[in-house]
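Heads up, the thing below is written out as structure tokens.
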There are 2 protein chains.
Amino acid sequence: MSQVLVASNRGPASFSLSEDGALTMRRGGGGLVSGLAGVTGAPREPSAGGPDVLWVCASLSEADRVAARRSPDGRIDLGGHETGGAAVRMLDIPEATFHRAYNAVANSTLWFVHHLLYDTPRSPHFDARARRDWQSYEAYNAAFADALARDAAPGAKAAIQDYHLSLAPRMLRERRPDLRIVHFSHTPWAPPEYYALLPDDIGTQILLGILGADHAGFLTERWASAFLDCCELLPGARVDRAARTVTCDGHVTHVGVHGLGIDAEALRRRAAEPDVVERARALREQVGDRQLIVRIDRTELSKNIVRGLAAYRELLVNHPEWRGRVVHLAFAYPSRYDLPEYREYTAAVQRTARQITEEFGTPDWDPLILQVNDDYPRSLAAYGLADVLLVNPIRDGMNLVAKEGPVLSERGCALVLSREAGAAAELSEDALMVNPYDVSQTAETLHKALLMPPAQRRERCARLAAAATALPPQRWFADQLAALD
Amino acid sequence: MSQVLVASNRGPASFSLSEDGALTMRRGGGGLVSGLAGVTGAPREPSAGGPDVLWVCASLSEADRVAARRSPDGRIDLGGHETGGAAVRMLDIPEATFHRAYNAVANSTLWFVHHLLYDTPRSPHFDARARRDWQSYEAYNAAFADALARDAAPGAKAAIQDYHLSLAPRMLRERRPDLRIVHFSHTPWAPPEYYALLPDDIGTQILLGILGADHAGFLTERWASAFLDCCELLPGARVDRAARTVTCDGHVTHVGVHGLGIDAEALRRRAAEPDVVERARALREQVGDRQLIVRIDRTELSKNIVRGLAAYRELLVNHPEWRGRVVHLAFAYPSRYDLPEYREYTAAVQRTARQITEEFGTPDWDPLILQVNDDYPRSLAAYGLADVLLVNPIRDGMNLVAKEGPVLSERGCALVLSREAGAAAELSEDALMVNPYDVSQTAETLHKALLMPPAQRRERCARLAAAATALPPQRWFADQLAALD
């Protein structure tokens, strides 16, 4: 198999530095790491000629930079089974450049566009400062393209990930026309009328950037189709909807859909570990024999936590029979706290939760448990115990919570799912679907979910789990690479 | 000609009540009133059998209600040339119902959806209260349908206006299948992914409501097309894009485009009156021999005044040669001040204006004149004097400022126009087009507009004026009625 290069903002490992200067490596998880293991197979010995996989990512801390400097040729061998013996190259991107590219452009602009998050009368506001931020985004993408171009063996495959790196495919093709390039979008894609919020030159460059790849992958048909809609408005591009190709400057890009599901075996193995079992015991004690509604999200503007809590409140108002008989466990982990919108949103979540507790709480009953500290084993424990899982994003590339929950559910949970999540494409038959802006409908759907007969719940949950595991990360990643052949 | 019924929230006249109980009628203007005059021709004598036109509207004040009660049969004869002898029926809608239908649903929901104005992570928030508001909107529409059904002669034509009355066409058809009904949307129409923010039942009812008409009119091809896109997702509806029809429940609705332009003669006549001449003199004195950039808007979230001011600021930063040589006259008239978002937006406009004055103003030069009091003759005077007219809405059904300006311009103004205004469809060749979210591009375009050679400016302005007057209101309204034959 030819060499495979992976490029993403966050890499498969991170480092910490102790006071005596020793480096500790912490390997990360996630679909991409699992996917890679499927491609590379068993771990390799460095002596066997070095890894076939090189992962290029950004240094996210001073320790990452030290690790990169200390490694021969700047390549760090990861070892271990999960990454199949890949090496990683951590790019040392100047802090100001990184901050503008990552926070100002990727997370505050492109993320907002694709998730329809803007408060349009006020933002976006593309002024001189936004233009400077954009130049940093170009420099950040160029740094990746340079590294990939330098490290790639002739004819290698490069898998470039997500909205942080939308310009890199074209930049890499310009530098190394011999490579085969795939770009994968983990986000939704904006409809053309919303994509048009971007300045013309920026919107055009992003499309041209991705069209530098031979294959552009999306999580669902819906996002792929929106991408093609935007390409149809791009001067000089020719879209063939039937063949699902875009031809631009004589180069053909295939557009493909690659759903991302759960590695059931790995997830179940992790959930069987003692830390999860211990947390499940504690949760069971806390909840007692009440029904349990669970939600698990980063505190992300797109996750719609405030409306979800409001729906729970409306449930308790309209159906007082549930008071004392249900508990809502809401995990809202910190996210992007360096962006003011996210700090405000976190405060709104906490305020809404407090109001519910004050309005309905009794000495014997906590209607709502809001947890804001990240605790992965506790999340896994909650999946196991949930009677109802609420996943109501206003827009979401896929949403893996909706897939993990049914896989780990012990009694068979009912899934209340937003139609705006990519996962809806695969799960809508057995989930109870909601419009995420419709708080009343969400409240009524929670009521229905709580009333669902246990046998029906178990059957639906089993089908949801089957759908959720139909496309494990190994297959997802292998499919993208195969599309390049 | 058969009887014509017109229905709109605001009617062609309003009343005031003096302390001694005497009523004074004030006739309004606007495209619809002009359009009506074109249809009815010369004023008619009541003795000649009564008017052929009945205009149904809401009572907007206590005086309106008194006027309706004092009139025989509740019909008020308007008299006068402008309305061609129409009578008006002012509906007495309970205040709470009106408030919810008008403010909560029409102006805070439907307006927001069609103009893409929502701050999506926070609003809309369709809870129990929104459902109660919706019931008021239904009641408000039913009141119109009842009145129209009662007053219509057999086979009469009914012209129902705008987003306040999207349910009325279907309600009227149910009550009076013998009538011929047209609905006209003066707003943009949302793309399907944004229209889907509405609760399913509400979104469906609005489409079905309009599809109760025989003909659904829009201001541009773009909004008509977006409406058809939404209808394609409506269960049970069949869209024929070529014929531009929607068939639903066995009933066929034709979808048509009817651009709305300026009645040049009437506008020029008004602009020649002494109050306009006097204001032009005062403005000329204030501005001196500097170039003048004019904008005229209601302080409406969609009008994008803050970004427009920011663009002017960026012009002064990037091209300091204009300091002291240009004045920006920004008219921002009060609008919807009972909605908190509008009060906040008004404050933001004033804050931004103050910052510009403080940053650049000198004892000899006011860079910016912000006027917040409605003064129609002053607006007309400003049109006459403008070197550059800035019209940069984030989304707009048509925008008549962009059409009035070139018609009244004395020296030939350059028009800087948002591509998101409906007027762009007719004016984009001779206007300088901008993306309304792109402040930097808007600043550069203002610079280009200021530098445009006078001869080119005059030529373009003449063509803009010709395009702006190609579809006068008389023709616009007659076309809609003709589409019913």
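Worth knowing before you read on, the calculation uses all heavy atoms, side chains too, and leaves out hydrogens, waters and symmetry mates. Small disclaimer: the values here were computed from a predicted structure and weren't measured.
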**Request:** For A:R132, look at atom CZ and say whether over 12 heavy atoms of other residues, nucleotides or ligands are found less than 6.0 Å away.
**Result:** yes
**Request:** Mind running side chain to side chain contact (heavy atoms under 4.5 Å, CB included) on A:R131 and B:V439 for me, showing each step along the way?
**Result:** CA-CA 10 Å; A:R131 281 304 196 285; B:V439 172; over 6 Å; no
**Message:** Which atoms of B:I305 are under 4.5 Å from chain A, going by heavy atoms: the side chain, the backbone, both sets, or neither?
**Reply:** neither
**Prompt:** Under a 4.0 Å N-O cut-off, is there an ion pair linking B:R122 with A:E341?
**Reply:** no
**Nearest heavy atoms of B:Y437 and A:P124, plus distance in Å** = CD2-CD, 3.8 Å
**Complete:** In terms of heavy-atom contacts, B:R307 and A:T120 come closest through NH2-O, 2.7 Å
**Asked** Given a strict heavy-atom distance threshold of 4.5 Å, which part of A:N435 is in contact with chain B: side chain, backbone, both, or neither?
**Response** side chain
**Complete:** Heavy-atom closest pair (B:A128 atom, A:S440 atom, distance to 0.1 Å) is N-OG, 3.2 Å
**Message:** Using a 4.5 angstrom heavy-atom cutoff, name the option from A:Q441, A:R395, A:K303, A:H115 with the most pairs to chain B.
**Reply:** A:R395
**Item:** Side chain / backbone / both / neither for A:R222 at chain B, heavy atoms under 4.5 Å
**Value:** side chain
**Request:** Using non-hydrogen atoms and a 4.5 Å limit, figure out which bit of A:P191 sits close to chain B: side chain, backbone, both or neither.
**Result:** side chain
**Request:** Check whether any side-chain heavy atom of B:D200 sits under 4.5 Å from a side-chain heavy atom of A:M433, and report yes or no.
**Result:** no
**Message:** Can you confirm whether B:L197 sits close enough to A:E420 that some side-chain heavy atom of one is under 4.5 Å from a side-chain heavy atom of the other?
**Reply:** no
**Request:** Answer with side chain, backbone, both or neither: which region of A:A226 has an atom nearer than 4.5 Å to a non-hydrogen atom of chain B?
**Result:** neither
**Request:** Using non-hydrogen atoms and a 4.5 Å limit, figure out which bit of A:I394 sits close to chain B: side chain, backbone, both or neither.
**Result:** side chain
**Prompt:** Counting heavy atoms not belonging to A:R343, are there more than 12 under 6.0 Å from its CZ?
**Reply:** yes
**Asked** Of the listed residues (B:S302, B:A196, B:A311, B:P436), which shares the most heavy-atom pairs with chain A below a 4.5 Å separation?
**Response** B:A196
